[in-house]
Protein chains: 2
Amino acid sequence: MAAKMKEVAKLANVSTATVSRVFHEPERVRQETREKVLAAVAQLNYQPNALARHLRRLKTNIILVVVPDITNTFFSGVLRGIEEIATKNAYRVIVGDAESDPENEYDYVNLLRQKQADGMILLSARMDQGMIEQLAEEYPVVLACDYVKSSTVPIVSIDNELGAKQAVRYLVELGHKHIVHIAGPLHTVLSQDRKRGFLKGMEEASLSVNDGDVVIGHFSYEGGRDAAMSVIQTGKVPDAFFCASDEMAFGVINALHASGYVVPRDVSVIGFDNIPFASIFQPQLTTIAQPMRQIGVKAMEMMLALLEGEALSLRHEVLQEELLVRETTKPNA
Amino acid sequence: MAAKMKEVAKLANVSTATVSRVFHEPERVRQETREKVLAAVAQLNYQPNALARHLRRLKTNIILVVVPDITNTFFSGVLRGIEEIATKNAYRVIVGDAESDPENEYDYVNLLRQKQADGMILLSARMDQGMIEQLAEEYPVVLACDYVKSSTVPIVSIDNELGAKQAVRYLVELGHKHIVHIAGPLHTVLSQDRKRGFLKGMEEASLSVNDGDVVIGHFSYEGGRDAAMSVIQTGKVPDAFFCASDEMAFGVINALHASGYVVPRDVSVIGFDNIPFASIFQPQLTTIAQPMRQIGVKAMEMMLALLEGEALSLRHEVLQEELLVRETTKPNA
DNA sequence: CTGAAAGCGCTTACAG
DNA sequence: CTGAAAGCGCTTACAG
């Protein structure tokens, strides 16, 4: 069924070298020959076998993007930025979905090790940190969104601590004093930074943070909902919630509504990320927006630099986050 | 850096054939030899080059899933089902995001043609239909969710016409008489079927469908919102909207709310798909649920059958859709 | 401008 | 139980 280059060569009465050149350096082939070859290609409906090409060239022009959870639209935004730059530079992007299980991330690493991709962009850093650093030494690896504390791995992200501080400052500005932070799992540096930003912001405003004012949840709707429920059940409902992700914020809002509290009338809520749904949900979510597409763009640009063997001017690109005030926050009565 | 099999063989004092066997048929290698080889593998941190293996075996154990739009969480659900079965059968899944542009789908087809994947599962049928059929003759191809009118391409989907009919029947049961259908782009068979289901359902109930009672929109939040706005502006707001997707339904609801109509008090709205957000959105969306994961499971099972050269018992698997009554529908006053 | 030939890194039928 | 050797389908430095 699938014709091989040899058959094309035979039909066109040339060598396989010439067929190959018609594809990759057509200007080096006489026009007449070229046409003969192209006719044969068309007649046999020939498609070169990329596996063979890649093996020969030791290069696949494929970039693997490992997404921790493809269900989260935050990552889709980043992915789009990556795809844009990759396509412009003749790279193809394939996506590996870790299904929220770090084990699967290790599995995708093997795709890289086994040379099925030229480089890997990780949208999560839940793997063993030493392993990530070692990988980055051996292969072109870029970390985006999440990060590790390392000076060697190329990273692109926002300043999560600053973003969290901004959220707190805004809530403080609105007159809120009792603010609860729904944090993400603290084994990611990103959650730690947002939490630290929360604590520093509170300190800055001379507000106290008591036991129970930081609740750890999963990065998910259910995580936010359950965390909020546990807070509500203590009977001490705060003036405002600052959530480490938009999905968690939706959970918090619905938990509040289910318990008879109205957002933002009774309680203000602020999220993090600005996923598309943040402006679809009612009330529209106030949030710290990450420049998702831009993160992807930058990550792929760094990847290209790594692939070209260029020195990176910056090992950690920090992009700008932004407070988007919408409908879930309100001055304290 | 990356060691080759040859080096491992040398270090272990065996042939590359033996090294290869240690990986793929360890039982055929004497334990002592095996241990020697594994020690060498460990010492050199050896990883086999998959490209070479795939070329030699003419098999990649990779399945390419082409998603029309990775931003739509409906497809994430299907993907999870595919991944589950693939992993169990030693296949790896890579995702190609067409970014809502059929052109990109053609590009991913080349991955298949160039032998970088053993098979392809298409989650959209917007490519030229003849092309899809031809592809399916040459390669293992399964179509899921969307479909073409063909008896040759293996397909798994729900009965979209029936699903739409069910939606209409339920609205009729609630006493609604003037029902507007927000349809998806009619160049997909899936949209045509849902529209036909709507029309048949209306006919069944002896309800009239006038000009303007079927509005075509994009399969997106904005598509639904704009379509609803155009309806609202005519001044003839219906008793109920039946939307061809959940995302569109959110757009419709928000457009209604922005125009002073309350859902479901004034207008009922019903969606299609049951994406995760359907039960997060407030009010929770009544919808026709597709068994997303199950569709993925079945699609991958069909793919496995194709890869094994087994005959498919059924070329078009039709799975069960289900009406989920939640909060956006209400009896007509 | 074109071809012969080596080689990318594996796997496997065959022989022993 | 193990090895020598052919071969998967390309690309490319070299020679002409």
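Every chain is numbered from 1, with letters handed out A, B, ... down the list of sequences.
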**Residues A:Thr60 and A:Asp118: side-chain donor-acceptor under 3.5 angstrom** = yes
**Prompt:** Between atom CE in A:Met5 and atom P in C:dG3, what is the gap in whole Å?
**Reply:** 13 Å
**Asked** Using atom C1' of each nucleotide, how far apart are C:dG16 and C:dT12 to the nearest Å?
**Response** 16 Å
**Item:** Evaluation steps, side chain to side chain donor-acceptor pair (under 3.5 Å), between B:Thr188 and B:Ser191
**Value:** CA-CA 6 Å; B:Thr188 69; B:Ser191 296; 3.0 Å; yes
**Prompt:** To the nearest Å, how far apart are B:His54 NE2 and D:dC8 C1'?
**Reply:** 13 Å
**Fill in**
A:Asn49 CG to C:dC8 C1', in whole Å, measures 13 Å
**Request:** Would you mind classifying the nucleic acid contact of A:Phe23 as base, sugar-phosphate or nothing, using non-hydrogen atoms under 4.0 angstrom?
**Result:** nothing
**Prompt:** In whole Å, what is the span from the CZ atom of B:Arg21 to the C1' atom of D:dA4?
**Reply:** 11 Å
**Asked** Is a side-chain donor-acceptor pair under 3.5 Å present for B:His316 with B:Ser157?
**Response** yes
**Request:** Return the nucleotide paired to D:dC1: Watson-Crick means purine N1 to pyrimidine N3 with N6-O4 or O6-N4, wobble means G-U with N1-O2 and O6-N3, both under 3.5 Å.
**Result:** C:dG16
**Item:** Sugar-phosphate only, base, or nothing, as touched by A:Leu58 at under 4.0 Å among non-hydrogen atoms
**Value:** sugar-phosphate
**Asked** Rounded to whole angstrom units, what separation is found between the NZ atom of B:Lys59 and the C1' atom of C:dT12?
**Response** 17 Å
